[in-house]
Structure formats: structure tokens, C-alpha cells
Amino acid sequence: MKTLNERVLDTLSELYRAYGYAKYKMSGFEEYDLYAANRDFLVSGQILTFTGADGRLMALKPDITMSIIKDAENENGRVDKYFYSENVYRVPSGAHEFREIMQTGIECVGDIGDYDRAEAVFLACRSLSAVSEDFVVDISHMGLVSGVLDEAGLDEAERAAAIEALKSKNRGALAAACAELDNGMKNAVMGLVEVCGTLSDAIEAVESRGMNVNEKTAAALLTLRRIADAAGESADKLRLDFSVVHDMNYYDGIVFAGYVLGIPESLLRGGEYGRLIRKMGREGSAVGFAVYTDLIDLIDKGERGIDADILLVCDSDAEPCAVADAVERLRALGRTVLVQRSLAGRERCRKAMRLSGRRFEEIE
Amino acid sequence: MSNKYCLNVALPKGRLGEKVYSVFERAGFSAEGIHDGGRKLIFENAEGTLRFFWVKPSDVAVYVERGAADIGVAGKDILLEYRPDVYELLDLGIGKCRMAVAAKNGFCDDTSRTLRVATKFPNIAGGYYRSMGRKIDIIKLNGSIELAPILDLSDVIVDIVETGSTLRENDLSEYEKICDISARLVANKSSWKFKREMMEKICRAFEEEMK
């Protein structure tokens, strides 16, 4: 029986291929230095290392994005599109030990434009709809957040406090961080925590609250508006929410996080990480996301631990060709079959049957 | 069984939790039997839209971060110490106290030595002294923190101070305030996306109460 997790992985592979994303497979290990140079980009800072056969310090992959950037063609005017399903090794938040975590996602690297950004957001929505109909994708733009904070002229400590307050929707702390500002600017900064809603409606609220304060915010709003216009069927699932803040040393464009009812943390995280691209000496920018598919198990209400529809009990002296024939007859009826010589494993099958000649007898 | 949009509320056991629940009650959110004592653990309102449960105050943030509770009330001390990934929706202005450094009366910090700091809050203490560039040795204790400097287990303590009377009675003094502490209404980030309307209604009820 396929679990929800397995079914989602199959669906997502087909989805990403349908939009021209090529499968990326990590076949080896990266050197530790690749990750160490951009440690803050990683979901968790810890990296599992080992010494390679030639003495180099290597790492068990904590992340896929950096390998894709490193391996992308990066020709001028070209956009490389990849998807992956890989295990990564990291310490999840709140945990105390490394875990092997399955993650799938897309990366779109190179000379990307607003279509590519909109496509990534659209695919994020479609990815979550494969898990549940109760989902939302919160989207923000680092340019809009940093544009407003630049204009407010907050010093480094105030800016850091404002961003922390923003992440936790802490209105009181944000109000304290901008206490010295004039009313117009204060209103714009407070808008970062107070404006929240369906993308197209919230964009209007951003304008009307005077949050479009400079070229940075204008460019960000243009991108967000284009994404809203291209959202199609996903429009009502897309929410503008500035509490989605990723590390500004790496992310400089849209950032987003996807949530599914019943999963207590974001199932999907992504964004545009142009600064990482440039730090790694490449041209252009990149946008992508990861789906942390292990979390899907939290809402899988399917039958757990069922190995097969039918446990077929056959005597040890049964002719293999008769057993094979019986199995194929059940398979032809669409049943999955587990053959055993005894009732061992009865609890993991829906029904138990005994093969008697060519006939099946149900075992109570 | 409650519906999938039912809001689970983690209340801290003790006086603070009782105070918080009375605000819920006055705002029309109440559950039968919650005051009855007994061994029942979960209390649901008549409409099946709200469920309350009492947990150890220091565990509220864990329940909320992990989604077992959608909202809860936790002290700022716990939020600063454990940094749970939750929304901090409101400062309830109750349970007010402060996180402070205290030591024996007449204490003078010898900066040529590593400072021994006894505390229940190693992350808060560590962060505070790191920001000042002061080298310290943290001694993690789970209670009776005030004993540490008296018995020379530590030079100072970092702990919650409410009135300061325990310090005074033991010949200790408060030397520096680290930050103010009060109870906060916190929410699970994912739950907020799907149960926002109810959460905002509760926020408004608390805001009204605080006026």
C-alpha cells in the first residue's frame, strides 16, 4: 500500500517534469567547504562531516540547492530548471540529533524573470494541493521589507529587533523598535505586521498604507502584482504575509512558506536567493523551494501498517506453479497478495485466505 | 470528537492560568467543568469549537510550537530561553516581573576572573553576558537559585525577580535588569493560517480586557 507521502512524491515528480524541470541526482559528496562558506543559508547550521579517501573533509549533504547552483550551466540568457528528491542530513529544529530527512523541490537558476518567479509560486501551490485541499502559501518580498526598513533609517540593533518582531508577528515589539519615527513612517513599518491577506487585496493595502516608499519597494510590488495576476487557480490560496522572512544575506526577492492544516510547521519553504548565487560567483539569480515530505506522515490518516489486501496461506508442499497461479488470479482482481506458510503477519493484511486446490477459503 | 477547526488552548497551571481563563470566560469562551477539579484533562465548550487544557507553564510553548495547542499563554522568560518558532500575538500585561542579575549585598565584579553565574535560564544569561563581552561560567540549576551565591556556588544569579523580597531576606541585591517579563499570548504559525478568525477574536477580547 502506498502511503500518502509516497503518492505525493510520485505526483510531484510528474508535476515538475510537466513544467520542463529535469531530474537532478546527487551522485557524490560535496566538500565541507561548500556548505561551511554559506552556513547561514542552511536550515540548520550543523553539518555531518567525514574524511574522504584522499584526506579531504567531506560532508553528508545538508542541502541540495548549493550543489545545483554549482553544477548549473550558468550561460548568459539561460535558465536551468531542476527538480530533486533526495535525503538530506540535518538536525531538525527542536531536535538534538541528526536525522535523515526526505526533501523534494525545484530550483530555477540563471537569467530568471517574473514568469519564472510566478511559476515557482504556482508550482508551490500545486505541490501543496497534492497533499491536502486545506493549504495556504504565504508570500513576502525581501525587497519590500528591507525597502521600508531602509527608509525608516533604523540603526542596526533596531533593524534586527524589527525583523525579529516581524517574524513572530509581535506588534508590541515592532512598535517599540519604531517608536522614534514620524507617524507616516511608523504606519508604514507597522504595516509590515498588520497587512496580511489574499495577495491581490493585500497589495492594495500596502499601497494605501504608504508602504511603497522607494524604488526597492516599487520593484517588489511590481513583481508581487505580476505573481498575483499569474496565479490563476491558486490566487485564493496565496497570502501576503511579511512574517515570512528568510536570511537577508542570501535572499533578496520573493520568499514564501507553505502550510497545510494539521501540520504544525511550514511544509514548504522557498524564495529567490540572488545573493547566494552571486556569493558563489555565478551570474543571474535563482528561485526555488523545498517540500519537507517527512512531515506529510503527520496527516496521513490512511490504513497504517497494511502490507497487502490478502494474506494467502499455502502449505509447504503446495506446488509453486499452483500458488503462482492463485496469486495472479487475485492480482487480476486488483488485490495485493502476501504469501505465507502460516498466519504470521495476519494483522498486517485485510483478509486471510487458504489455498485449497484452486479454491480460496477465507480464514476467520 | 472536535471538528478540524476546533481551537486547542494550552493554559499554564496556577494563578496565571486561572487569571487568563477568566478573561476567556468573560469574553464568552468557556468550557463546562473546568473549575470542578477532578482528573479530567481536557475541557471543551458546548459548541465544540474550543478546547482548554492545563499544562506546566514551561511546557506551554512546546505544545504550541508542536501544534498540540493552537494558542497558549507563556511567559516571556520561556520564550526568550527556548526561542520556540511561534507567533507572539499579544503582551497580556499580567504576570509582570523582570529578569535580573542579583548577588550578595556589596558584590563587586572582578573582571579579571571568569564570572560564575547560577541560573535556570542559561540561554538568556549566556546571551546577556556575550553582548557585554564578559566571560562567564554558567551553572545550570533547577530551583532555589538564591542559595547559589550564599553558599559561594556562584558569584551572581540570573533569575526572575518580582518584588525582590526573597532577595532582601537573604542579603542579596538586584544589580542589573536584563529585561521585563510578562505573559504572552502565543500561536502556532500553521494554525494561525487556518484558525485566524477565532484567534483574532480572542486577541480582541484580551485587548478589551487590558483597556
Side-chain angles (χ1 to χ4, degrees), chain A residues 43-44 92-96 128 131-139 156-157 160-161 164-176 193-194 196-198 202 236-245 256-269 292 295-296 298-299 301, chain B residues 1-8 10 59 61-72 74 76 78-93 96 127 131 179-200 203-204 206-207 210:
Chain A
V43 176
S44 77
S93 77
H96 303 286
L128 295 183
V131 180
S132 166
E133 59 183 22
D134 289 316
F135 75 90
V136 293
V137 172
D138 282 348
I139 184 167
E156 208 179 315
E164 278 311 306
L166 197 52
K167 283 183 185 172
S168 58
K169 288 192 185 289
N170 187 335
R171 287 166 59 193
L174 189 62
V193 78
E194 287 167 357
C196 178
T198 311
D236 64 331
K237 298 289 192 183
L238 264 183
R239 310 271 168 85
L240 187 63
D241 189 323
F242 296 112
S243 71
V244 183
V245 180
F256 46 95
Y259 295 86
V260 164
L261 180 64
I263 296 180
E265 56 189 287
S266 52
L267 175 62
L268 176 151
R269 285 178 79 77
Y292 307 108
L295 292 172
I296 294 171
L298 294 173
I299 54 161
K301 303 291 181 221
Chain B
M1 190 66 193
S2 303
N3 70 56
K4 63 181 178 178
Y5 295 106
C6 173
L7 199 74
N8 289 317
D59 289 341
V62 178
Y63 277 78
V64 174
E65 184 181 29
R66 296 272 181 154
D70 299 304
I71 58 170
K76 184 69 179 173
I78 299 298
L79 302 179
L80 288 171
E81 180 62 22
Y82 298 105
R83 301 252 165 215
D85 190 18
V86 294
Y87 288 142
E88 195 180 315
L89 299 179
L90 207 57
D91 180 349
L92 300 180
K96 280 186 177 177
S131 74
C179 60
D180 288 313
I181 303 291
S182 56
R184 310 294 165 111
L185 183 69
V186 295
N188 175 272
K189 288 189 169 183
S190 180
S191 300
W192 194 84
K193 317 293 169 192
F194 303 99
K195 304 175 184 180
R196 179 180 167 187
E197 205 177 315
M198 183 75 142
M199 289 186 189
E200 286 186 336
C203 281
R204 280 197 297 274
F206 277 100
E207 279 169 340
M210 288 189 297

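By convention in this document, chain letters (A, B, ...) are assigned in the order of the sequence lines, proteins followed by strands, and residues within each chain are numbered from 1. The structure presented is a predicted model; accordingly, all values stated were derived computationally and were not measured.
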Participant: Hey, what do you get for SG (A:C196) to CD (B:E200), rounding to the nearest 0.5 Å?
Facilitator: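 It is 8.0 Å, given to the nearest 0.5 Å.
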Participant: Nearest 0.5 Å please: distance from the CZ atom of A:R171 over to the SG atom of B:C203.
Facilitator: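 The CZ atom of A:R171 sits 8.0 Å away from the SG atom of B:C203.
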Participant: Flag the one option from B:R196, B:R83, B:E88 with the top tally of heavy-atom pairs under 4.5 Å to chain A.
Facilitator: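 Among B:R196, B:R83, B:E88, the one with the most close pairs to chain A is B:E88.
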Participant: Does any heavy atom of chain A fall under 4.5 Å from the side chain of B:D91, the backbone, both, or neither of them?
Facilitator: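 Neither part; nothing is under 4.5 Å.
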Participant: So which atom in B:N188 and which in A:P264 form the shortest heavy-atom distance, rounded to 0.1 Å?
Facilitator: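 Taking B:N188 first and A:P264 second, the nearest heavy atoms are ND2-O, 3.1 Å.
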Participant: Please identify each residue that fulfils side chain to side chain contact (heavy atoms under 4.5 Å, CB included) with B:E81, with sequence neighbours left out.
Facilitator: B:F121, B:P122, B:N123, B:I124
Participant: Please examine the side chains of A:D138 and B:W192, heavy atoms only from C-beta on, and report whether any two atoms are closer than 4.5 Å.
Facilitator: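 The answer is no; the side chains never approach within 4.5 Å.
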Participant: Contact part of A:V193 toward chain B, heavy-atom cut-off under 4.5 Å: side chain, backbone, both or neither?
Facilitator: neither
Participant: Does any non-hydrogen side-chain atom of B:K189 lie less than 4.5 Å from one of A:S243?
Facilitator: no
Participant: Is chain B contacted by the side chain of A:I263, its backbone, both, or neither, given a heavy-atom distance below 4.5 Å?
Facilitator: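 Backbone of A:I263 only, per the 4.5 Å heavy-atom cut-off to chain B.
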Participant: Among the options A:D241, A:N170, A:L261, pick out the one with the most heavy-atom pairs lying under 4.5 Å from chain B.
Facilitator: A:L261
Participant: Other residues, nucleotides and ligands only: do more than 12 of their heavy atoms fall within 6.0 Å of OH on A:Y259?
Facilitator: yes
